[in-house]
Every structure is written in structure tokens, then in C-alpha cells.
Amino acid sequence: MEPTSPAILVGTTKGAFVLRKGASGWDVSGPHCGGWPINHVKGDPGTGCIWAGGGNDFVGAGIWRSVDRGDSWTLAKLAKGEMDSWMENDPDSAALFGYEPVETAFDGEVSAIWSLLPAHGTVYAGGKPGMLFRSRDQGASWDKVDALSDHPDKASWNPGAAGLILHTLVSDPDQADKLWVGISAAGVFATEDGGATWERRNRLSNAETCAEHAHPAAPANGETGHCVHNIVRAGGDGDLLYQQNHHGVWRSRDGGRTWDDITAGLPSTFGFPIAVHPHNPDVIWTIPLNGDSAGRYPPEAAAAVWKSEDGGESWVPKRAGLPQTACFFTVLRQAMATDHAPTPGIYFGTNTGSVFASDDAGETWDEIVRHLPTVLSVETMAL
């Protein structure tokens, strides 16, 4: 099969999938990764590798790698799960299922991998509970970034609904030592020395007002809510970041040191994903949901991707091609991505197993795949 650009990499509750556009539509390859729950799939254009991270208490925590465009996968298991104990104590079942014991370095420390980022020759992996791993040898070995796991504020970190998870990893394309992470519900952290030290970056730009927010992880001490849902970094000079939080959308022009509320104009303060234009730092997209305890579906059950062309100062809903009645899907935190075309394609997946795509920067939408398992992540990669 001739390579097409881009492929869509999808993580789901029942494995990883690779979507490629063919002559008559989108071809679906998968499920890969042994049917594991895969929280995030990320490609590395520099090496051609595809990485998939996931797991749970039953199968353990691990990171899968493909070096052949998703056709085959190998697993680096970081921690064992309940299945391993069962198999190791039942030789007959182990033989029946073809189970072979593996060495794991972080048993009892990590229960799942939630995010992946290949950057500057290193592959980073965020885990549960609130920890960071890295590999400098393309996944042959992994070590834990102790300075984050042992952060002096660790005792105050509160878990979100999915637990204490490091779900977002953001790098600087020009400076290898700079990295931002999002942890629910502990907030945004940044390092500028390769992970040796970490600074908590949740301060409001108008901190003197000590704004209060109606959420347990939103302290009334001049900080944004610690329940950060997703972060993206805009291209170009400077450290322009956008964040979808549990209670609003925020912008930072100084690498997260201070944050401005740019929620005004959106129909809800709640949502999960946010995406930024690959060539224009003022263009962003987000998908508001109706609220934490209101069902977590599009307001009025009518789907829309909300677009801003002025850095969040104003917002416009884009609905063409999206369901406008009886729409109750959820789009999760890592389930929205762009490609790098001059007019970028935008893609998002739903917990009802659909993937929607726009080839005109989010103006109009098509449902390109349906009936997948619950979509947990969407990324793009030229294959």
C-alpha cells in the first residue's frame, strides 16, 4: 500500500487503530496492541516509530512500539497487573493463553500510561499516579523522573475522576530541556533543566483578585483550577500556551507563569480537548460540553467545534456536518488533533466510536469512521 498523508492514530479502550485515507474512503487497521486499553498513540516523524501507551490494573502498565507503520507492535511492560499474578500462579492457564513472564521495573508504582511524547531524541511517558518516565534508547529501557514524582508539593496533589494522571506532555521544539506537563488534579508543571527541577505554573494573571471557582481542585488563592484537562503550545517565538481546564479555557503568553481567562463567548466552562493551528498561533479550537455533572455532552445536544481566530478573544461555533439533534457524545482530553497541511485538517474522536474530520481548518466536518470502541486519543502522522 502506498503511504498516504496523514494517517490518523487512534487510541481506544480496545486497542490502537491506524486510519489511512484510500481511494474509496478511510481504511481502518486494528485493533493493535493486544486489545489493551490504549490511552494515547503518538508518532515520531524523526524515526518513523509509532508509540502507544496504556494499560490498567488488570493487564499492567506498558508502552507499545511499531517500527513498520503500525503493522506489528512490541511491548515494553513497566509494571505487572492482576493478570500476571493469575498466570504466574496457574501454569495451565499460562500455557493455554501463551503467557510468558516478563521482567518489570516499576511494579506497584505505576498502573497505566496516559501520555507519550517523542522529542529531541527522548521519549517521555506520563503515568498514573502522576509520574513521568523517559527513554533515551528508543524504548529499550525506561527510567523514572524522580524530581517530579518527589515534588515537594506532592502531598497536596488531588486525583481527578480518572485518578491522579499525567495526561499531557508539551515540548519546546528548539530547547530540549524545556517541558510542560499537565496532571489532574495537580495542575501545570514545567521544567527548563531537563527534568532536574519542576515549577508549578497555575497562577492567574489577575492573581490579586484571588478568583474563586466552583470546583474542589480550583483553589481561591489566585490560581487556575488544578484540574487541567489539556495543554497545547502554539508555534512561533515565545511560549504561548492554551489550556482547557475543568472550569474554562485559558491562555498564557509566558510559558504558564501566568494565565488569562478566555472562556467568555463559549457556551460552557467545561470541556476536555483544545487544539492550535500549526501555522497561526492565534487560531484555536475547542469542544465545550454542558458541564461536569450535567452529562458531559454538547450543550443542547447539538455538536459544535468552537473556533477562535484572535487567541481566544472571541469564539464562533462551527456546526456544518456535525449532528445537531440528540447528540450525547463526549470528546475526551486527548481526542483532538491537527495535521500540518497549509490549510490544516482537524480531527476528533468520540466516546461513541466515531472520528470526525475537517479539511478546511474546522469550517465543515465529515464523519469518516464510526463504530470504533470508545476513542481516548487522536493524533496524526505522515506515513
Side-chain angles (χ1 to χ4, degrees), residues 168 170 182 188 204-206 211 213-215 218 224-225 227-236 238 240-253 256 258-292 294-325 327-339 343-350 356-366 378:
T168 303
V170 178
V188 180
L204 291 170
S205 295
N206 58 343
H213 308 287
H215 186 266
T224 61
C227 195
V228 54
H229 284 175
N230 193 260
I231 315 165
V232 290
R233 182 186 184 278
L240 175 59
L241 303 176
Y242 295 102
Q243 175 190 161
Q244 172 68 64
N245 200 283
H246 195 107
H247 59 90
V249 180
W250 304 79
R251 178 187 63 218
S252 175
R253 300 188 186 279
T258 58
W259 294 90
D260 297 309
D261 189 348
I262 56 172
T263 314
L266 292 171
S268 166
T269 59
F270 186 85
F272 286 108
I274 191 161
V276 62
H277 195 293
H279 317 300
N280 186 339
D282 290 327
V283 177
I284 48 178
W285 300 267
T286 191
I287 303 177
L289 302 176
N290 62 350
D292 183 5
R296 298 188 175 194
Y297 55 82
E300 300 180 356
V305 175
W306 288 70
K307 182 178 181 180
S308 175
E309 297 184 277
D310 52 15
E313 296 300 320
S314 63
W315 297 90
V316 178
K318 305 298 181 179
R319 302 181 183 274
L322 297 176
Q324 295 302 292
T325 58
C327 177
F328 301 102
F329 62 52
T330 297
V331 180
L332 296 173
R333 69 180 81 245
Q334 292 159 297
M336 188 179 191
T338 72
D339 61 31
T343 299
I346 319 295
Y347 311 86
F348 72 85
T350 73
F356 290 85
S358 169
D359 61 7
D360 55 11
E363 297 298 310
T364 61
W365 296 87
D366 292 297
V378 171

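Model, not experiment: these values are computed from the prediction. Side chains are part of it too, since the values below use all heavy atoms of this structure and drop only hydrogens, waters and symmetry mates.
- Remark: side-chain polar atoms of Trp315 are paired, donor with acceptor, to backbone N or O of Ile262 under 3.5 angstrom.
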Problem - Arg233 vs Val276, side chain to side chain contact (heavy atoms under 4.5 Å, CB included): CA-CA, chis, key distance, verdict - result: CA-CA 7 Å; Arg233 182 186 184 278; Val276 62; over 6 Å; no

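- Put simply, the side chain of Arg319 reaches to within 4.5 Å of the side chain of Trp306, judged on heavy atoms.
- For Gln324 (side chain) and Leu322 (main-chain N/O), a donor-acceptor pair under 3.5 Å exists by modelled atom type.
- Using a distance-only test at 3.5 Å, with no hydrogens or angles considered, no donor-acceptor pair links the side chain of Asn290 to the main chain of Pro298.
- With hydrogens and angles ignored, the 3.5 Å screen pairs no side-chain donor or acceptor of Asn230 with any backbone N or O of Gln244.
- Nearest heavy-atom pair across Pro281 and Ala234 is CB-CB, 3.6 Å.
- Of the residues listed (Val378, Ile274, Ile346), the one engaging Met336 in a side chain to side chain contact (heavy atoms under 4.5 Å, CB included) is Ile346, and it is the only one.
- When ring centroids are compared, His247 and Phe270 stay outside the 6.0 Å threshold.
- To the nearest 0.5 Å, atoms OG1 (Thr343) and CG (Asp359) are separated by 9.0 Å.
- For the atom pair OG1 (Thr325) and CD (Glu300), the distance works out to 12.5 Å, reported to the nearest 0.5 Å.
- Taking the six-membered ring for Trp and thresholds of 30 and 60 degrees, His277 and Trp285 have nearly parallel ring planes, at less than 30 degrees apart.
- Judged by distance alone, with hydrogens and angles left aside, the side-chain atoms of Ser358 form no donor-acceptor pair with the main-chain N or O of Trp365 at under 3.5 Å.
- Of all non-hydrogen atoms in Gly321 and Phe356, the two that sit nearest each other are O-CE2, 4.3 Å.
- Residues Thr263 and Gly248 share a closest heavy-atom pair of OG1-CA, 3.3 Å.
- One distance of note links CZ of Arg251 with CG of Asp261; it measures 10.0 Å at 0.5 Å rounding.
- A donor-acceptor contact shorter than 3.5 Å links the side chain of Thr286 to the backbone of Pro273.
- Formation of a donor-acceptor pair under 3.5 Å by the Ser252 side chain with backbone atoms of Thr258 is found in this model.
- A distance of 4.5 Å separates CZ in Phe348 from CD1 in Ile287, rounded to the nearest 0.5 Å.
- Side chains of Val228 and Trp250 form no contact here, defined as non-hydrogen atoms less than 4.5 Å apart.
- Atom CG of residue Leu289 and atom OH of residue Tyr297 lie 10.5 Å apart, to the nearest 0.5 angstrom.
- Residues Ser308 and Ile284 have side chains in contact (heavy-atom distance under 4.5 Å, counting atoms from C-beta outward).
- The side-chain heavy atoms of Leu266 and Val249, taken from C-beta on, include a pair separated by under 4.5 Å.
- In this structure, OG1 on Thr168 lies 10.0 Å from NE2 on His229, to the nearest 0.5 angstrom.
- Here the side chains of Trp259 and Asn245 are not in contact, with every heavy-atom distance at 4.5 Å or above.
- Side chains of Phe272 and Arg296 form a contact here, defined as non-hydrogen atoms less than 4.5 Å apart.
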